[in-house]
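Since this is a predicted model, take the numbers as computed values, not measurements. Letters A, B, ... are given to chains in the order of the sequence lines, protein chains preceding strands, and every chain is numbered from 1.
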Amino acid sequence: MFLCLANAKKRLPLLSSFPFSSSSSIDRITTKLRPFPDYSPRKPTINDADLVRDLTTALKQRRSEPLRRILAPFAQRFRPDHLLWAFSYLRSDLPLAFSLLHWCRSRRHPIPAEALAIAAHLSVASRNLEFARQLLREGLQSHSRFVEQVIYTYKHWCSNPYVFDLLFRAFVDAGRLSESRSLFFHLLSYGITISTDSCNALLSHLAVDEIQAAFTEFPESGLRWNVVSYNILIHSLCQVRKLEEAHGFLVKMEDKDGVLPDVITYSTLIDGYCKSGELQEALKLLSEMSSKGLNPNSFTYNSLITLLCNDGNVVEAERLFMQMLSYGIAPDAAVYTSLINGYSKKGNLFAMHRLFTEMKTAGHAPDAVTYTVLISGLCSNGKMLEANEMFVEMLSKGLTPDEVTYSTLIAGYCKEGKMEKAFHLHNEMLHGGLLPNVVTYTTLCDGLCKQGQVEAANELLHEMCGKGLVLNVCTFNSLINGLCKAGNMDQAVKIMRDMEAAGLAPDIYTYTTLMDAYCKSDDMDQARLLLKEMLDKGLQPNVVTFNVLMNGFCGLGMLEDGKMLLKWMLEKNIRPNATTYNTLMKHYSIDKNMKAASETYKGMLALGLIPDENTYNILITGHCKSRNMKEACYYYSEMVSKGFNLRKSSYNALIKLLFRKKKLQEATRLFEEMRAMKFVADKEVYSIFIDVNYNEKNVQAVLELCDEVVEKCYVSDHFPATFVYAIPFTSFETTHPTYHCFRLKKNNFLPEEDNIASIIESVEPGFFHFNTGLVIFQSLQNHNGSIHYAFVIEKLGCQHHIETSKCREVAFLLKINYDETIIFFICKFL
DNA sequence: GTAGGGTTAG
């Protein structure tokens, strides 16, 4: 069963008892003011009165003695409500009153609401605001009708209205927002208005619509919002991308309310525009604020720098950074971090390190976010060793990694397919008291899916739901991708429909993923249907969507449709990228239509697109296959000059072509280079050089290459070296005789009859013509007890015995021409 | 009591 989607949709906690209706407050204001009640404490009994009088007298007279000793004689008879009367006696001696309260609390007596209220009033009156705040918090926590007690005791004990501000704040701090609002209006009836500062504290906890409601409703009671209030409102509107409204308030605050916007107001709105990618609007505001004499600061610039970096325009971002410096605005760690991130996302690790050094030199200590950015850059560029070193460095600096840092590292390991390491980190974060978040889980889920473990991914997501985390669209897209790659299209589509039904809208990733899967299963009709559905929903396809379709059309040989698609893209003003063109070129090259490939390449350049490594590799392999050595060499030298590298297939193709065109020296150089780059050459390429060396009677080189090709091309997870006793090596279709290479790996083990059978089984079918009895292994025992291996070339009826008793390893190179007779074989004793 | 930088999917 796949995920139940009941809790898929993220719901904001609703303040249901928080109806901001403006009519009710008007009624309240017109109501006549209520006076505060007169306080009349309960009358004590004679015994209680005596006890309290004796106790307070003792406290006053013996104040140098330890409290516990003074109060010991009263401890048995003392009740918490004695505090109420004691406070009257100690009103002029507050430290004693509070000591008594502490003593009472230390005896685990619950403090009556009335006593807490009185103590809070006394604290406010004596300007001990922090203590008052604590008392009010305690009162709210432990008594349901505490507010009434504060009001009831107010007139007699304090008459400082600030106590209500503190009470209001205590509600806000406790997250009891609707009660704080009720308190606001309740107090109006007594003529008390909560301060704007405290109302701002409430605002900063509210959702945007609630803030807006409060904005109209609260001033009806005479409250005046200040610049901070507007900043909170504007920030909140920006967060929900209501930029026009936010901008409207920037104008209104000054024009209608006479509240002047400050740097924060402008920076907030500028950031809003930046987050929406509206650079021009942001820049307009930047000049507007300057013209008003408001100086942009590092916050202001950072928003702009971040936007430029996200657009991939790091150069412009750094230019802005320099401008900021030239204006004497000091950068901070955040600004450096943004730039570092910009370069890391571009894959420019050199510039990333450069800025990191610059930042430290300028005296800005990198923080956990900076390190996370660095780690992220290293991870996404496949530098996991360095990423891990950076993580260790971060720890050594005493910085604490958080969920984001861990998720970043986990994503790095997932990308490498190292799921064990990824889960190890996941456990490490749990041990460190960190809770993996939805991103962590999505990352792990994606990693599992990419390893083909969709079921495990599904289980993981169930675990995640069980922890109360809500799946987001990325999570579903990962799972959908996993199902697609596992060929389970029906389930993938079902998940999409389910998420839709649960109110989580599939996005461009969802559609592109599914379209890609349909394209790859040659179902262009379904892909087209999805494209239509997506367009109908108003989702705009982007370059990736088009690339997926391009790949689909081209993969089916529908190159004309591919060309049309490119045209359509350009019409829709969606800028193709190198991948778009590479796909077309690749398929032209597969079709051996290098003319069309070259034209496509020209079109790409005409559009100002920069060819990437892939572009060159496609052109080179294509021209090689078409035996256009000149063109292949031209693109090769151009790519080298741009610092790009050949990939494996291009090396192989180019080497073969060079060899064919008798450019042995060039071919050899590339073969050496390719091996130095740790690429594995084709068996065919190995055969070329084995043959070349054989012809040059360079037996040592022949054997080395034989060993290498066996090691690299035949020994694999399925054929571990220790279990593969004989590995055939064969190759190409040329005029060369076929080589067979056998490598017998021995650990003082000699094949028994049974093992010979397994040798035979392990041999690639079709080559080792055992059935026809072409080549047989035998182990024979000599009369002196030493064991021989024997090749029996049955067809030829001759046997070759090799003494192996002294050998750990034997390599053979057999050169057989099936049509004629055996030509030679070489054995190598190690 | 208010603003900026980091993690996930095609």
Side-chain angles (χ1 to χ4, degrees), chain A residues 169 172 195-205 226-236 238-239 262-272 274-275 296-307 309-310 331-342 344-345 366-377 379-380 401-412 414-415 436-447 449-450 471-482 484 507-517 541-545 547-548:
Chain A
R169 291 277 265 268
V172 173
S195 73
T196 304
D197 286 354
S198 294
C199 289
N200 286 342
L202 171 64
L203 287 187
S204 65
H205 285 83
N226 61 18
V227 63
V228 175
S229 328
Y230 276 98
N231 290 347
I232 295 168
L233 172 66
I234 288 171
H235 182 230
S236 185
C238 285
Q239 279 185 319
D262 62 7
V263 185
I264 297 181
T265 324
Y266 272 98
S267 300
T268 305
L269 194 56
I270 286 174
D271 186 62
C274 287
K275 292 238 162 66
N297 59 20
S298 62
F299 282 80
T300 330
Y301 271 95
N302 197 22
S303 297
L304 291 158
I305 287 170
T306 305
L307 169 61
C309 286
N310 288 340
D332 56 17
V335 177
Y336 276 104
T337 304
S338 302
L339 275 175
I340 290 173
N341 193 34
S344 102
K345 291 284 178 297
D367 59 14
V369 178
T370 318
Y371 273 101
T372 305
V373 164
L374 291 161
I375 291 168
S376 172
C379 284
S380 49
D402 63 4
E403 295 83 352
V404 181
T405 320
Y406 272 106
S407 299
T408 306
L409 259 182
I410 287 173
C414 285
K415 207 168 156 227
N437 60 22
V438 61
V439 178
T440 325
Y441 276 105
T442 301
T443 307
L444 287 166
C445 163
D446 192 59
C449 284
K450 298 237 159 80
L471 309 184
N472 64 23
V473 91
C474 296
T475 327
F476 280 107
N477 289 343
S478 282
L479 189 61
I480 288 173
N481 188 40
C484 287
D507 64 4
I508 185 164
Y509 281 82
T510 325
Y511 279 102
T512 307
T513 304
L514 286 166
M515 280 161 61
D516 187 39
N542 64 12
V543 62
V544 182
T545 322
N547 287 350
V548 157

| task | Enter the distance from A:L339:CG to A:T306:OG1 here, rounded to the nearest 0.5 Å. | result | 8.0 Å
| said: For a 4.5 angstrom cut-off between non-hydrogen side-chain atoms, does A:D262 reach A:N231? | reply: yes
| Candidate pair A:T196 and A:N226, rule side chain to side chain donor-acceptor pair (under 3.5 Å), full reasoning | CA-CA 7 Å; A:T196 304; A:N226 61 18; 5.2 Å; no
| message | Considering every strand and a 4.0 Å limit on heavy-atom distances, what is the contact class for A:V335: base, sugar-phosphate, or nothing? | response | base
| said: Considering every strand and a 4.0 Å limit on heavy-atom distances, what is the contact class for A:T337: base, sugar-phosphate, or nothing? | reply: base
| Minimum heavy-atom distance between A:S204 and A:A201, given as atom pair plus value | OG-O, 2.9 Å
| query | Using a cut-off of 4.0 Å on non-hydrogen atoms, how would the nucleic acid contact of A:T370 be classed: base, sugar-phosphate, or nothing? | reply | base
| said: Over all strands shown, is A:D197 touching base, sugar-phosphate only, or nothing at heavy-atom distances under 4.0 angstrom? | reply: base
| task | Compare all side-chain heavy atoms of A:S267 with those of A:N297 and state whether any distance is below 4.5 angstrom. | result | yes
| said: At 4.0 Å (heavy atoms only), tell me whether A:S229 reaches a base, stays on the sugar-phosphate, or touches nothing. | reply: nothing
| Can a donor-acceptor pair be found between the side chains of A:D507 and A:N477 at a distance below 3.5 Å? | yes
| task | Would you indicate what A:T512 reaches in the nucleic acid, counting non-hydrogen atoms under 4.0 angstrom: base, sugar-phosphate, or nothing? | result | base
| query | Across the strands shown, which category fits A:N547 at heavy-atom distances under 4.0 angstrom: base, sugar-phosphate, nothing? | reply | nothing
| Within the structure shown, what part of the strands sits under 4.0 Å from A:T475 by heavy-atom distance: base, sugar-phosphate, or nothing? | nothing
| said: What's A:K275 touching, base or sugar-phosphate or nothing? Going by heavy atoms closer than 4.0 Å. | reply: sugar-phosphate
| message | Over all strands shown, is A:S407 touching base, sugar-phosphate only, or nothing at heavy-atom distances under 4.0 angstrom? | response | base
| said: Using a heavy-atom cut-off of 4.0 Å across all strands, would you classify A:S198 as base, sugar-phosphate, or nothing? | reply: nothing
| task | Look at all strands and tell whether A:L339 reaches a base, only sugar-phosphate, or nothing, counting heavy atoms closer than 4.0 Å. | result | nothing
| Nucleotide interval of DNA chain B bounded by contacts with chain A (heavy-atom cut-off, under 4.0 Å) | B:dG1 to B:dG10
| request: Quick one: label A:V544 by what it contacts on the DNA or RNA (base, sugar-phosphate, nothing), any heavy atom closer than 4.0 Å. | output: base
| Out of curiosity, A:T372 OG1 to A:N341 CG, how far, rounded to the nearest 0.5 Å? | 10.0 Å
